[in-house]
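Written out below as structure tokens is the structure these notes cover.
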Amino acid sequence: MAKEVQTDQAKGPEHVAIIMDGNGRWAQMRGRPRLFGHHAGARRVREIVEACPAQGVKYLTVFAFSTENWKRTQTEVAGLMKLFRRYILRESRDLYESGVRVRFIGDRVRLDDKLVNLMDELELLTSGNDRVHLTIALNYGGRDEVTRAAKRLAYEIETGKLSYKDVDAETLSRFLDTHVLPDPDLVIRTSGEARISNFLLWQSAYSEYEFIDTLWPDFTAEEFARVVGSYGARDRRFGAVKV
Ligand code: IPE
Ligand code: IPE
Ligand code: MG
């Protein structure tokens, strides 16, 4: 797509997405419950957000909870939901004051009303900010997102607002949760697993990937800078041949 071809590689990635994996193993290695790792992981997020402007990263998207993570024990799921609520309550003011615009992607229907209200409030509070755009994927799944988009698109067609003839990739992407965001240039996954686990399936069609061994609670701003820096050496072709 024309917009992607114009990406200035020398400038580094404008949008970095992170699959924050390895909290459970980090805790296990310390003989502690998995939730201990999730708390340590949550504390890392601010440091990485703060590292973005110096790296020229305008958009940071982080995977916090997948549509498949409900399969975990009730204790872990409930603990994570409580952590998300506490995180928003604790961090809102600071995020706002440091110019971070926060958005959430994912299906809110299955989330607790109290949590959804806090998410809405934080989005509204930070809606005038533009220093860093932090998107938190919560109850997010790529297939679920595309399915919900297709459903809304089908509704527009059924109610006569759109013709099936108008359906192309551009139209469908307007119905995605990420419709206001550029596609990620770089996707980082921590903890050594080399898979996408249903993250940004549509949007990462031409993203670069970095799979690194560090467990998420150990991921520092220095390592982030190193991984983001290595992106410049990559040759993104988007299917074309460079002349
Ligand atoms: C990622 O860490 C955080 C969430 C999925 C909520 P994990 O909890 O998956 O940690 P590991 O992969 O079991 O170590
Ligand atoms: C992906 O990690 C989801 C998040 C980081 C929130 P998982 O740990 O859930 O993925 P799998 O199960 O290893 O594929
Ligand atoms: Mg994991």
Side-chain angles (χ1 to χ4, degrees), residues 1-19 52 56-64 66-68 100-110 119-120 123-124 126-189 195-210 228 231-232 234-243:
M1 284 186 213
K3 198 177 141 240
E4 288 167 332
V5 173
Q6 283 164 14
T7 303
D8 184 353
Q9 199 79 14
K11 261 178 27 198
E14 181 191 32
H15 184 179
V16 176
I18 306 183
I19 302 172
C52 284
V57 175
K58 191 83 181 165
Y59 296 88
L60 179 74
T61 299
V62 295
F63 204 2
S66 79
T67 46
E68 287 71 38
V100 181
R101 176 162 188 176
V102 184
R103 295 184 179 89
F104 291 90
I105 55 171
D107 190 2
R108 297 178 192 208
V109 170
R110 201 170 164 183
M119 289 158 62
D120 288 340
E123 284 189 334
L124 188 66
T126 61
S127 59
N129 284 346
D130 186 44
R131 187 163 148 264
V132 185
H133 292 245
L134 170 66
T135 301
I136 303 174
L138 220 169
N139 192 25
Y140 175 87
R143 287 184 175 176
D144 177 69
E145 180 193 32
V146 174
T147 307
R148 284 186 286 106
K151 205 175 205 166
R152 287 203 294 273
L153 184 56
Y155 179 78
E156 299 271 297
I157 293 168
E158 191 174 282
T159 52
K161 291 199 194 81
L162 264 181
S163 158
Y164 78 91
K165 290 179 188 147
D166 300 327
V167 179
D168 57 14
E170 168 62 30
T171 316
L172 182 67
S173 64
R174 287 211 304 269
F175 289 83
L176 296 172
D177 298 349
T178 53
H179 62 99
V180 294
L181 306 174
D183 287 341
D185 302 296
L186 174 66
V187 180
I188 300 169
R189 181 172 187 146
R195 56 176 172 259
I196 315 180
S197 301
N198 208 4
F199 189 45
L200 300 176
L201 294 182
W202 172 282
Q203 299 84 343
S204 66
Y206 272 101
S207 301
E208 299 294 326
Y209 274 90
E210 281 285 351
V228 168
Y231 166 90
R234 288 161 172 258
D235 183 16
R236 294 179 84 191
R237 289 186 286 273
F238 301 102
V241 176
K242 286 256 165 80
V243 283

Handout entry: Check against side-chain contact (heavy atoms from CB on, under 4.5 Å), Val167 and Leu162
Key = CA-CA 8 Å; Val167 179; Leu162 264 181; 5.6 Å; no
Completion exercise
CD1 (Ile105) and CD (Glu145) are apart, to the nearest 0.5 Å, by 6.0 Å
Practice task
Check the surroundings of atom NZ in Lys161: do more than 12 heavy atoms from other residues, nucleotides or ligands lie under 6.0 Å from it?
Solution key: yes
Practice task
Flag the pair Thr135 / Leu181 as yes when at least one side-chain heavy-atom distance between them is below 4.5 Å, and no otherwise.
Solution key: yes
Exercise for the section: Identify the two heavy atoms, one from Val57 and one from Pro13, that lie closest to each other, and give their separation to 0.1 Å. Expected result: CG2-O, 3.6 Å
Fill in the blank from the handout: Of all heavy-atom pairs linking Val187 and Ser207, the shortest is CG2-CB, 3.9 Å
Handout entry: Test item: Asp107 side-chain N/O and Asn139 main-chain N/O as donor-acceptor pair under 3.5 Å
Key = no
Exercise for the section: Please determine, by modelled atom types, if Arg236 and Tyr231 share a side-chain donor-acceptor pair under 3.5 angstrom. Expected result: yes
Practice task
List the atom of Ala17, the atom of Pro184, and the distance in Å for their closest heavy-atom pair.
Solution key: CB-CB, 4.1 Å
Problem - Heavy-atom donor-acceptor pair, Glu210 side chain to Leu186 backbone, under 3.5 Å - result: no
Practice task
Working to the nearest 0.5 Å, report the span between CG of Leu138 and CZ of Arg110.
Solution key: 12.5 Å
Problem - Nearest non-hydrogen partners of Trp202 and Val146, listed with the distance - result: CB-CG2, 4.2 Å
Handout entry: Flag, side chain of Asp185 to backbone of Glu14, donor-acceptor distance under 3.5 Å
Key = yes
Exercise for the section: Measure the shortest side-chain to side-chain distance between Leu200 and Phe63 over non-hydrogen atoms and say whether it is less than 4.5 angstrom. Expected result: no
Problem - Ser127 side chain near Arg101 side chain, heavy-atom distance below 4.5 Å - result: yes
Problem - salt_bridge(Glu123, Arg108) N-O dist < 4.0 Å - result: yes
Practice task
Kindly indicate whether the side chain of Val62, heavy atoms from C-beta on, has any atom under 4.5 Å from the side chain of Leu134.
Solution key: yes
Practice task
Indicate yes or no: at least one non-hydrogen side-chain atom of Ile196 is less than 4.5 angstrom from one of Leu201.
Solution key: yes
Problem - Any side-chain heavy-atom pair of Arg189 and Phe199 under 4.5 Å - result: no
Handout entry: side chain to side chain donor-acceptor pair (under 3.5 Å) involving Arg148 - partner list, sequence neighbours excluded
Key = Asp144, Asp177
Handout entry: Nearest heavy-atom neighbours spanning Tyr209 and Arg234
Key = O-NH2, 2.7 Å
Practice task
Using side chain to side chain donor-acceptor pair (under 3.5 Å) as the criterion, point out the one residue from His133, Gln203, His15 that pairs with Thr61.
Solution key: His15
Exercise for the section: May I ask you to check whether Asp168 and Thr171 show a side-chain donor-acceptor distance below 3.5 Å? Expected result: yes
Practice task
Check whether any side-chain N or O of Arg143 sits under 3.5 Å from a backbone N or O of Asn198 as a donor-acceptor pair, and report yes or no.
Solution key: no
Practice task
Decide if atom OH of Tyr155 counts as having more than 12 heavy atoms of other residues, nucleotides or ligands within a radius under 6.0 Å.
Solution key: no
Practice task
Measure the CG-CD distance between Leu172 and Glu170 for me, rounded to the nearest 0.5 Å.
Solution key: 10.0 Å
Practice task
Find out whether Pro182 and Lys58 are in side-chain contact, i.e. whether some heavy atom of one side chain is under 4.5 Å from a heavy atom of the other.
Solution key: no
Fill in the blank from the handout: Taking every heavy atom of Val100 against every heavy atom of Thr126, the minimum-distance pair comes out as O-CB, 3.2 Å
Practice task
Taking the side chain as every heavy atom from C-beta outward, state whether Asp235 and Arg237 have any pair of such atoms under 4.5 Å apart.
Solution key: yes
